[in-house]
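Every value quoted in this text rests on a predicted model; they were computed, and no experiment measured them.
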Amino acid sequence: MRLFGYLVLFALIGYGVWPYFTVYRLDEAISQEGTAQLATMVDLPAIRANYKARVTAGVGGLFPSDDPDSVMSWLRQNVERLGDSALDQAVTLPWVRDTLRSAVTQATGQTPPYLIGGIDFAFFESYNRFLVRIGELGRAPTHVRLTLQGTDWKITDIIQ
């Protein structure tokens, strides 16, 4: 029974350390010029979907409309459609790399940027979500959300 307890303890410790190891790998990936290593750690469709949700919420506030046949409704639909194609073109692997690099540089002033040096907070939001804050609160930090997908932790959102 004691052996089983130790195995469970080691499994929990391993699970707790796992996303921190991913952050360490992410530090190496953003320091490289290529995006091959970073590509395995990023879920671009999820990042685009999260940005789209934030943009759509903002557009709803700019163009409120209860009538689906009104001009405001038509404008809102077209802005959302244009936003989709713009997000597909803007949110790319180089954009992810450059966004993380600039967030670390802004937080620490380091050149070249070392992600681990810019992290102010990193902990679980839930059993399958992990939040990393680059920079201090109140100083425009960048939040990076990692989500457990299968057997890998992947970046699914970047909030600036």
Side-chain angles (χ1 to χ4, degrees), residues 11-64 75-160:
L12 287 173
I13 290 172
Y15 187 79
V17 171
W18 189 12
Y20 292 101
F21 179 69
T22 301
V23 170
Y24 174 76
R25 287 182 41 230
L26 183 61
D27 185 26
E28 292 176 7
I30 67 167
S31 66
Q32 297 176 358
E33 287 305 315
T35 58
Q37 185 178 1
L38 184 63
T40 63
M41 305 175 76
V42 174
D43 183 0
L44 284 176
I47 294 172
R48 290 177 183 142
N50 286 318
Y51 264 89
K52 180 182 177 186
R54 286 193 290 276
V55 168
T56 302
V59 167
L62 288 174
F63 301 116
L75 281 172
R76 185 165 85 190
Q77 289 172 356
N78 284 315
V79 166
E80 289 173 4
R81 193 173 322 132
L82 289 172
D84 288 347
S85 63
L87 281 174
D88 290 344
Q89 292 176 9
V91 177
T92 61
L93 287 173
W95 175 85
V96 170
R97 182 193 62 215
D98 295 341
T99 300
L100 294 176
R101 282 181 178 179
S102 66
V104 172
T105 301
Q106 179 183 354
T108 63
Q110 297 172 345
T111 307
Y114 296 104
L115 178 66
I116 295 175
I119 293 175
D120 191 53
F121 174 84
F123 201 70
F124 288 89
E125 283 185 322
S126 67
Y127 73 94
N128 66 344
R129 290 190 348 178
F130 191 80
L131 183 69
V132 176
R133 184 177 65 226
I134 303 169
E136 296 178 16
L137 280 178
R139 296 189 178 190
T142 298
H143 294 87
V144 179
R145 180 168 291 125
L146 301 168
T147 304
L148 184 60
Q149 295 181 347
T151 59
D152 296 321
W153 289 93
K154 292 192 177 200
I155 297 174
T156 55
D157 199 7
I158 299 174
I159 305 163
Q160 298 175 314

request  = Determine, stepwise, if the pair R54 / D157 fulfils salt bridge (Lys or Arg N to Asp or Glu O under 4.0 Å).
outcome  = CA-CA 11 Å; R54 286 193 290 276; D157 199 7; 3.0 Å; yes
Using every non-hydrogen atom in the two residues, find where [X] and [Y] come nearest and quote the distance to one decimal.
X	Y	value
R139	Q106	O-NE2, 4.2 Å
G135	A107	CA-CB, 3.7 Å
E28	S31	O-OG, 2.8 Å
T108	G117	CG2-O, 3.4 Å
P141	G138	CD-N, 4.3 Å
F130	A122	CZ-C, 3.7 Å

Does the side chain of [X] reach to within under 4.5 Å of the side chain of [Y], using non-hydrogen atoms?
X	Y	value
M41	K154	no
D43	T147	no
N50	I159	no
D120	V132	no
W95	T92	yes
T35	V42	no
T156	Q149	yes
V144	V23	no

Aromatic Y51 / basic R48 pairing, under 6.0 angstrom, 45° off normal = no
ask   = Counting distance only, does the side-chain N/O of Q110 pair as donor-acceptor with the main-chain N or O of Y114 below 3.5 Å?
value = yes
Nearest-0.5 Å distance that lies between atom [atom1] in [X] and atom [atom2] in [Y]:
X	Y	atom1	atom2	result
I116	Y20	CD1	OH	12.0 Å
D98	L93	CG	CG	10.5 Å
Q160	T142	CD	OG1	5.0 Å
I134	L115	CD1	CG	5.0 Å
I158	L100	CD1	CG	4.5 Å
T99	I47	OG1	CD1	9.0 Å

query = Would you call R101-E33 a salt bridge at under 4.0 Å N-O?
reply = yes
ask   = Charged N to carboxylate O under 4.0 angstrom, D152 versus R25?
value = no
request  = Could you tell me how the ring of Y15 sits relative to the ring of F124: parallel (under 30°), tilted (30 to 60°) or perpendicular (over 60°)?
outcome  = parallel
task = Test side-chain contact (heavy atoms from CB on, under 4.5 Å) on L146 and L131 and set out the steps.
result = CA-CA 6 Å; L146 301 168; L131 183 69; over 6 Å; no
task = Tell me, yes or no, whether the heavy-atom count around F121 atom CZ, taken from other residues, nucleotides or ligands under 6.0 Å, exceeds 12.
result = yes
